[in-house]
Amino acid sequence: MLKLSGISKRYGETSVLDGVSLDVGAGETVAIIGPSGCGKSTLLRIVNGLVQPDSGQVFVGGERVSPDNIRELRRRIGYVVQGGGLFPHLTARENVTLAARVFGIRTAQIEQRVVELAELVSLSAAQLDRYPLNLSGGQNQRVALMRALMLEPQLMLMDEPLAALDPMVRAELQEELRLLFTRLGKAVIFVTHDLAEAGYISDRIVVLGKGHVAQVGTLDELVRNPADGFVRSFVDAYRVPEILGRR
Ligand code: ADP
């Protein structure tokens, strides 16, 4: 569903991504994790064409992403950012339906899809008529999720979607997202800086260190067999053995 091949990107003198390759299949959730500034968000922006790589190629559903087809391809890509990124002057419902209305999808079809998605993310009709300011952080993320799913994308890009939430809401949404990803069968890239969250939500974790893939594996593999000193110290910083109950 998604293939990244040798993606490199520099900003001035700084190399942000250096030859990143990655495959994500339909139904697979891949977490991308790494310290702040290691290029996680830049990688997602390259996938949906907001940033051009200096070299390397991106394929979505087998089609190579280029400036000519990115608008069309973006319909197949759902994007959720930290804090939701909702338009404050639109109600939740208007946020969710905006792209579908722009693309000229029939009103009856939009309304039916909203009902389905609201059920999927557990939001009521009354909540959908509120403005983002009058919803909680968790509810805003549910709205952002609905918006991203509205056009039935094959690929979901999630950029630290839960980072701004308090731990209990976060845990609840982690559980729901995990179930949802399994059920929907989409390809998902989930960026987080939280190793436990990455392990809980994803099938595979990609550790990015200074713009290159330092290791790919399950949480267990990263903990037991870190590829190098960087991965080891990254993992150690999360006290994972304690999280896994091995101490
Ligand atoms: P992460 O998401 O892992 O925290 P980012 O992808 O946001 O990292 O950023 C990676 C690096 O690229 C950072 O050092 C950041 O300052 C730099 N960067 C990101 N976007 C730009 C930009 N538009 N211009 C210059 N530098 C940028």
Side-chain angles (χ1 to χ4, degrees), residues 2-24 29-60 65-67 70 73-74 77-86 137 140-141 144-145 148 155-165 170 173-174 177 181 187-217 219 222 226-238 240:
L2 173 69
K3 185 176 180 63
L4 301 178
S5 173
I7 299 291
S8 296
K9 177 74 190 171
R10 302 180 75 87
Y11 283 115
E13 291 295 290
T14 316
S15 168
V16 177
L17 295 170
D18 185 14
V20 173
S21 296
L22 177 68
D23 283 286
V24 188
T29 301
V30 170
I32 298 187
I33 190 159
S36 187
C38 73
K40 303 183 293 296
S41 300
T42 302
L43 195 63
L44 289 195
R45 289 196 199 109
I46 285 174
V47 172
N48 70 5
L50 295 172
V51 169
Q52 295 300 313
D54 298 330
S55 57
Q57 297 170 346
V58 180
F59 297 87
V60 174
V65 174
S66 74
I70 186 59
L73 281 179
R74 244 185 238 140
I77 303 174
Y79 189 31
V80 179
V81 297
Q82 188 177 340
L86 300 175
N140 271 306
Q141 280 312 76
L145 192 59
L155 173 65
M156 289 285 280
L157 306 177
M158 311 201 65
D159 195 353
E160 306 223 24
L162 309 182
L165 304 177
R170 187 167 177 154
L173 272 172
Q174 283 168 350
L177 284 179
F181 293 159
V188 181
I189 297 196
F190 191 98
V191 165
T192 174
H193 59 256
D194 181 336
L195 187 61
E197 180 168 280
Y200 184 75
I201 276 190
S202 71
D203 305 306
R204 217 156 29 110
I205 301 173
V206 174
V207 185
L208 268 194
K210 296 224 173 92
H212 69 279
V213 175
Q215 188 168 358
V216 181
L219 179 58
L222 300 181
D228 57 20
F230 165 73
V231 178
R232 183 183 300 279
S233 46
F234 184 76
V235 167
D236 280 352
Y238 286 92
V240 173

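When a residue number appears, it is its place in the shown sequence, counting from 1. Atoms within each ligand, like the ligands themselves, are counted from 1 in listed order.
For the pair H193 and F234, the minimum side-chain heavy-atom distance is 4.5 Å or more. Proximity of Q215 to D228: side-chain heavy atoms (C-beta onward) are nowhere separated by under 4.5 Å.
Of the protein's heavy atoms, at least one falls inside 4.0 Å of atom 26 (N) of ligand 1.
More than 12 heavy-atom neighbours from other residues, nucleotides or ligands sit within 6.0 angstrom of CZ on R204.
Under a 4.0 angstrom heavy-atom cut-off, C38 registers as being in contact with ligand 1.
Which parts of ligand 1 touch K40 is read off a 4.0 Å heavy-atom cut-off, strictly below it: atoms 1 (P), 2 (O), 3 (O), 4 (O), 6 (O), 8 (O). Counting the atoms of ligand 1 from 1 in the order shown, those under 4.0 Å from a heavy atom of S36 are 4 (O). The atoms of ligand 1 that sit less than 4.0 Å from any heavy atom of V16 are 10 (C), 11 (C), 12 (O).
The shortest contact between atom 14 (O) of ligand 1 and any protein heavy atom is with G37 O, 4.0 Å. Atom 5 (P) of ligand 1 has its closest protein heavy atom at T42 OG1, 3.6 Å. Nearest protein heavy-atom neighbour of atom 17 (C) of ligand 1: Y11 CD1, 4.1 Å. Atom 7 (O) of ligand 1 has as its closest protein heavy atom S41 CB, 3.7 Å.
Scanning both residues, Q52 and P67, for their nearest heavy atoms gives OE1-CG, 4.4 Å. Taking each heavy atom of L162 and Q174 in turn, the nearest pair found is CD1-CG, 3.6 Å.
For the side chain to side chain contact (heavy atoms under 4.5 Å, CB included) with L4, the lone residue among L17, V65, L22 that qualifies is L22.
Distance alone, capped at 3.5 Å, places no donor-acceptor pair between the K40 side chain and the I32 backbone.
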